[in-house]
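Worksheet: one structure, shown below.
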Amino acid sequence: MKKSPRARSRQPNRTVSIIGTGSYVPERVLTNADIEKFVETSDEWITSRTGIKERRIAAEGEHTSHMAAKAAQRAMEQAGVTPGEIDVIILGTVTPDTFFPSTACHVQRILGAKNAACFDISAACSGFLFAVEIAQQFITNHTCNTVLVIGADKLSSIVNWEDRNTCVLFGDGAGAAVLRYRAGSHGVITTYMASDGNYGEILHMPGGGCALPITRDNVDQRLNTLHMNGRETFKQAIISMSAAATIALEQAGLTTDDLTCIIPHQANMRIIEALAERMKVPLGKFHVNLDRYGNTSAAAVAIALDEANRSGRFQLGDYVLLVVFGGGLTYASSVIQW
Ligand code: ACO
């Protein structure tokens with residue numbers, strides 16, 4: 001067995017920081033006008049109900065791992081980290097390339113990150129923030145130094161393209177971050193995560209697992225596609241995200257006035273507006289890109305974080321709140337001092 005590169009000496013006052021971000025979306029743009037051609041809908045309906053104008057769709061043969069690796073390369077480049085320095089790859093997805101190997105292992109192969117331990121986590125749209133929390137624990141507990149966290153999904157592969165209730169909402173993409181100890185006061189201050197399995201059926205893919213394996217009958221019934229109770233999801237999204245945001249801020253000893261930027265899950269503009277109202281925060285503080293990408297599941301908050309980071313929406317020392325919800329239900333929030 002090779003010698004573990006993860007066993008490192010203890011370092012005092014470790015602050016786990018995001019030292020680089022990256023993202024990737026496929027080239028192909030699917031506009032609302034394009035969708036009008038194959039289901040009964042309109043740009044007006046989609047825009048007024050969701051705020052989404054267009055989304056990106058992966059090319060033939062472009063899998064979750066390919067998008068994830070591209071986002072990861074950009075994050076590693078910004079962080080100044082080489083593939084050999086990555087100790088762990090944690091990838092949040094509900095659209096893995098294969099059930100096993102994990103998509104994180106596929107990404108390891110593409111990157112040549114030969115020293116990394118790799119695994120996926122399933123927390124739907126909350127996958128990226130759940131992964132940040134796990135990474136923070138690993139680094140704080142001295143298990144390793146450098147963790148590559150990725151949120152990546154190819155929801156176009158599990159959407160029922162004949163169901164107008166869902167097919168207008170989603171897109172494909174990936175976002176990544178490199179986490180590492182950094183001296184000083186900046187870093188991930190607090191992370192909160194929670195789940196409520198009682199609401200599992202409001203947003204789920206019933207088939208494809210051992211409960212309802214892939215059979216001709218199950219595929220004919222579209223059980224291998226995403227099913228959603230839109231109104232209930234909408235309601236739970238607002239309740240869970242505002243609770244997660246409040247708890248994370250309390251844990252951090254901060255108020256919304258201290259925040260420079262809020263990066264929410266990018267599902268629906270009306271959900272973000274309702275969240276802003278509940279939190280009593282001006283909408284302008286929220287970074288929004290769902291008009292261009294739709295809901296990219298685990299990738300959404302990671303792509304938005306990368307965009308906000310690269311466009312200078314916040315500076316070193318500023319407080320940023322990330323808040324998400326997803327199927328499961330799962331929800332999470334992180335307060336970061338950049
Ligand atoms: N175009 C036109 N009409 C549509 C469309 C469409 N694309 N989709 C649904 N409709 C129709 C329905 O058939 C229904 O018609 P009916 O009343 O004649 O039956 C009507 O519009 C639905 O109306 P509402 O339910 O009032 O629509 P609502 O305002 O709730 O908006 C929406 C629906 C956009 C789905 C909203 O409920 C929502 O955003 N929910 C949250 C969805 C979400 O965020 N999902 C992702 C979760 S994150 C994750 O983990 C993946």
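Whatever order the structure lists them in is the order used to number ligands and atoms, beginning at 1. Note that the numbering runs from 1 along the sequence shown for the chain.
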So which bit of [X] gets within less than 4.0 Å of ligand 1, heavy atoms only: side chain, backbone, both or neither?
X: T41; result: both
X: L203; result: side chain
X: T50; result: side chain
X: L226; result: neither
X: F234; result: both

How far is [atom] from its nearest protein heavy atom, and which residue and atom is that?
atom: atom 39 (O) of ligand 1; answer: N268 ND2, 2.6 Å
atom: atom 49 (C) of ligand 1; answer: C125 SG, 2.5 Å
atom: atom 14 (C) of ligand 1; answer: R164 NH2, 4.7 Å

Between T140 and Q137: side-chain donor-acceptor atoms closer than 3.5 Å:
no

No-hydrogen, no-angle side-chain donor-acceptor test under 3.5 Å, T50 and N268:
no

Does atom CD of E77 have more than 12 heavy-atom neighbours from other groups under 6.0 Å away?
no

Would you mind telling me which of D153, T93, T95 makes a side chain to side chain donor-acceptor pair (under 3.5 Å) with S297?
D153

Can a non-hydrogen atom of I271 be found less than 4.0 Å from any atom of ligand 1?
yes

Looking only at heavy atoms of G327, does any of them come nearer than 4.0 Å to an atom of ligand 1?
yes

Out of M228, E40, R49, who gets a non-hydrogen atom closest to atom 35 (C) of ligand 1?
M228

Heavy-atom protein neighbour under 4.0 angstrom from [atom]:
atom: atom 32 (C) of ligand 1; value: no
atom: atom 19 (O) of ligand 1; value: no
atom: atom 16 (P) of ligand 1; value: no

Considering both backbone and side-chain atoms of R231, is one of its nitrogen or oxygen atoms within less than 3.5 Å of a nitrogen or oxygen in ligand 1?
yes

